[in-house]
Number of protein chains: 2
Amino acid sequence: MTAATQDIKKKVDRPRIDIFGSQPPQQMAGESLGAFAYRALRDAIRAGRINPGAHIRELDVAQWLKISRTPVREAFHRIVADGLLTNGPWNGVMLAEFSQQQLIDLYAVRETLEGAAAALAARNATEAEVRLLFNIAATEEAEKDDPDRLVVINAKLHQMIYRAAHNQFLLQSLTVVVDALGLLRHSTFIIPGSIDVARRDHLKLITAIQNGDPKRAELVARRHIRRALSMRLELLKGGK
Amino acid sequence: MTAATQDIKKKVDRPRIDIFGSQPPQQMAGESLGAFAYRALRDAIRAGRINPGAHIRELDVAQWLKISRTPVREAFHRIVADGLLTNGPWNGVMLAEFSQQQLIDLYAVRETLEGAAAALAARNATEAEVRLLFNIAATEEAEKDDPDRLVVINAKLHQMIYRAAHNQFLLQSLTVVVDALGLLRHSTFIIPGSIDVARRDHLKLITAIQNGDPKRAELVARRHIRRALSMRLELLKGGK
DNA sequence: CCACTTTTTTTAGTATACAAATTATTGGCG
DNA sequence: CGCCAATAATTTGTATACTAAAAAAAGTGG
């Protein structure tokens with residue numbers, strides 16, 4: 001081991017998670033504590049209440065949720081498997097954070113899978129599903145001035161396309177990738193004009209699906225994701 | 001809930017796993033018991049020592065490995081996340097088994113991802129990696145009469161291509177899919193002629209990668225997987 | 001004041017005891 | 001004999017106590 005490596009290993013600081021003053025969610029009926037802890041942690045992560053790189057301690061989470069460590073550990077393992085948590089340089093888990101290269105790689109996988117989903121949706125979507133897609137697109141149009149809400153609608157739209165592909169494994173793989181990307185704090189919708197571009201992409205994509213045109217659907221979907229990546233990178237360049 | 005559904009739920013038989021008379025593996029140095037249990041279970045699954053659909057009990061596994069239930073549960077959760085174990089119709093886990101449609105879906109995802117991996121490998125593979133690929137192909141040629149060994153070599157070759165793509169997330173997604181397919185008992189190499197076809201595919205694929213031709217690499221890879229699926233389905237038709 | 005060692009504290013790993021839920025068994029009753 | 005209820009046995013879910021390992025803090029000698 002080189003001296004430099006040792007230095008790195010010694011100098012890592014592991015800020016304690018500060019974010020657990022917030023109200024914990026409540027356990028739903030028929031939900032095991034393990035599932036509850038899993039949901040609570042994922043929600044906290046999605047909501048951006050945990051800093052990337054922070055050391056997340058079993059006991060802190062257990063006390064936050066007022067349960068024992070056992071179900072918390074279960075939740076930890078599941079989320080590590082999801083790729084949202086990762087084993088830190090020390091022993092214990094931390095919130096994953098991605099380098100720029102990792103971001104590019106992640107988007108490459110997403111482009112591939114979204115393309116496949118779009119093509120499959122063009123083949124397999126039912127009429128009802130197509131109608132639902134247009135409904136969501138209409139909502140998007142209606143809410144075009146509320147970026148926060150658009151993020152949710154956008155996620156729902158994509159999720160619906162994955163469903164329309166009628167392939168559970170594709171859905172699963174895509175969910176993993178998209179969840180990982182959900183770790184990124186700021187939405188790209190704050191970039192001027194990006195909202196309109198995305199909306200036009202969505203309409204073209206849904207139309208291709210309606211027409212049963214897999215080739216075109218795949219093309220549009222892939223271009224849509226490539227655009228999303230370039231916007232993401234632009235955000236990064238401009239000081240996070 | 002319909003009457004039929006109830007019937008199904010009541011009539012499921014849940015054979016106990018019988019397979020645990022075998023010698024358990026040994027814990028490696030520096031390996032936690034949780035990791036040990038994970039490895040032991042995965043090995044048992046890969047080796048086909050567990051029947052699909054059998055109810056796998058925490059206590060049985062714990063006693064088999066002579067450890068407590070706690071690390072066994074950890075292993076269970078991880079393998080469930082991998083998709084190799086699944087929650088049975090009752091409460092508890094069982095070895096996953098796929099319907100024909102699920103098989104087709106799984107291969108569809110694999111085709112997409114393998115195609116992407118091949119294309120990326122054509123772009124990103126280093127000279128050393130290409131050399132290694134040709135080495136493995138040579139081994140394949142040398143061992144062409146030993147189907148059992150070929151299964152291993154084949155897996156190694158594909159794994160090497162995934163690596164050569166230099167995209168950790170693609171590698172991850174592919175590993176999940178390929179592992180799930182590894183649950184299928186019999187290799188398609190027992191089909192006469194399949195070995196030669198596969199070998200030719202591999203050579204074409206590696207050559208395309210060497211030439212830095214992503215388009216062709218993707219095409220060859222996708223065709224290779226489609227062929228693998230049709231052989232798999234043929235096996236299924238012929239009475240498992 | 002700094003490098004190094006020792007002690008203390010913290011944290012994750014594991015075992016076990018117990019609770020809750022589910023499944024199997026038994027014993028009636030028509 | 002078959003169906004249902006009541007009870008017993010099994011199995012998973014959760015909490016807690018303990019162990020081992022790692023990190024932080026406090027000493028110690030230069």
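Because only heavy atoms are used, hydrogens play no part in the values below, and waters and symmetry mates are left out as well, while side chains stay in. The chains referred to below are lettered A, B, ... by the order of the sequence lines, with proteins before strands, and numbering in each begins at 1.
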Task: Residue mapping more 5' on DNA chain D - nearest nucleotide basis, A:Ser68 or B:Glu58 - done: B:Glu58

Task: Test of ring centre spacing under 6.0 Å for B:Phe169 and A:Phe98 - done: yes

Might you list the N or O atoms of the protein lying below 3.5 Å from N or O atoms in nucleotides 4-6 of chain D, with each pair's distance?
none

Open item on the list: With side chain to side chain contact (heavy atoms under 4.5 Å, CB included) as the test, pick out the partner of B:Ile50 among B:Leu84, B:Leu85, B:Leu95.
Closed with: B:Leu95

- [ ] Report the distance from atom CG of B:Leu33 to atom P of D:dT19, rounded to the nearest whole Å.
- [x] 16 Å

- [ ] Could you go through the side chain to side chain contact (heavy atoms under 4.5 Å, CB included) check for A:Glu31 and A:Arg39 one step at a time?
- [x] CA-CA 10 Å; A:Glu31 183 185 52; A:Arg39 190 167 53 83; 2.8 Å; yes

Open item on the list: What is the distance, to the nearest angstrom, from the CZ atom on A:Phe36 to the P atom on D:dA15?
Closed with: 11 Å

TODO: Output yes when at least one side-chain N/O atom of B:His55 is less than 4.0 Å from OP1 or OP2 of C:dA24, else no.
DONE: no

Open item on the list: As a test of reading the structure: which of C:dT23, D:dT12, D:dG13 is closest to the side chain of A:Ser32, going by heavy atoms?
Closed with: D:dG13

- [ ] Report the relative orientation of the aromatic rings in A:His55 and A:Trp90; use parallel for angles under 30°, tilted for 30 to 60°, perpendicular for over 60°.
- [x] tilted

Task: Between D:dT16 (C1') and A:Ile67 (CD1): distance, integer Å - done: 14 Å

- [ ] Respond yes when some side-chain nitrogen or oxygen of A:Thr70 is under 4.0 Å from OP1 or OP2 of D:dT14, and no when none is.
- [x] no

Open item on the list: Can you confirm whether the side chains of A:Asp43 and A:Tyr38 place a donor and an acceptor under 3.5 Å from each other?
Closed with: no

Task: A:Glu129 with A:Arg163: basic N within carboxylate O range, under 4.0 Å - done: no

Task: Under 3.5 Å donor-acceptor, A:Asn124 side chain and A:Ala165 backbone - done: yes

- [ ] Write down the distance between OH (B:Tyr38) and C1' (C:dG13), rounded to a whole number of angstrom.
- [x] 19 Å

TODO: For B:Met94 and C:dT23, give me the distance from atom CE to atom P, rounded to whole Å.
DONE: 14 Å

Open item on the list: In this structure, how many angstroms lie between the C1' atom of D:dT19 and the CZ atom of A:Arg69, rounded?
Closed with: 11 Å

- [ ] Write down the distance between CG (B:Leu59) and P (C:dA15), rounded to a whole number of angstrom.
- [x] 13 Å

Task: Closest non-hydrogen atom pair, A:Ala96 against A:Thr86 - done: CA-CG2, 3.5 Å

Task: Lys/Arg N to Asp/Glu carboxylate O, B:Arg42 vs B:Asp179, below 4.0 Å - done: yes

- [ ] Within residues 71-80 of chain A, find the residues that approach DNA chain D with a heavy atom at under 4.0 Å, and present them sorted by residue number.
- [x] A:Pro71

Task: Spacing between B:Asn91 atom CG and C:dT23 atom C1', to the nearest angstrom - done: 9 Å

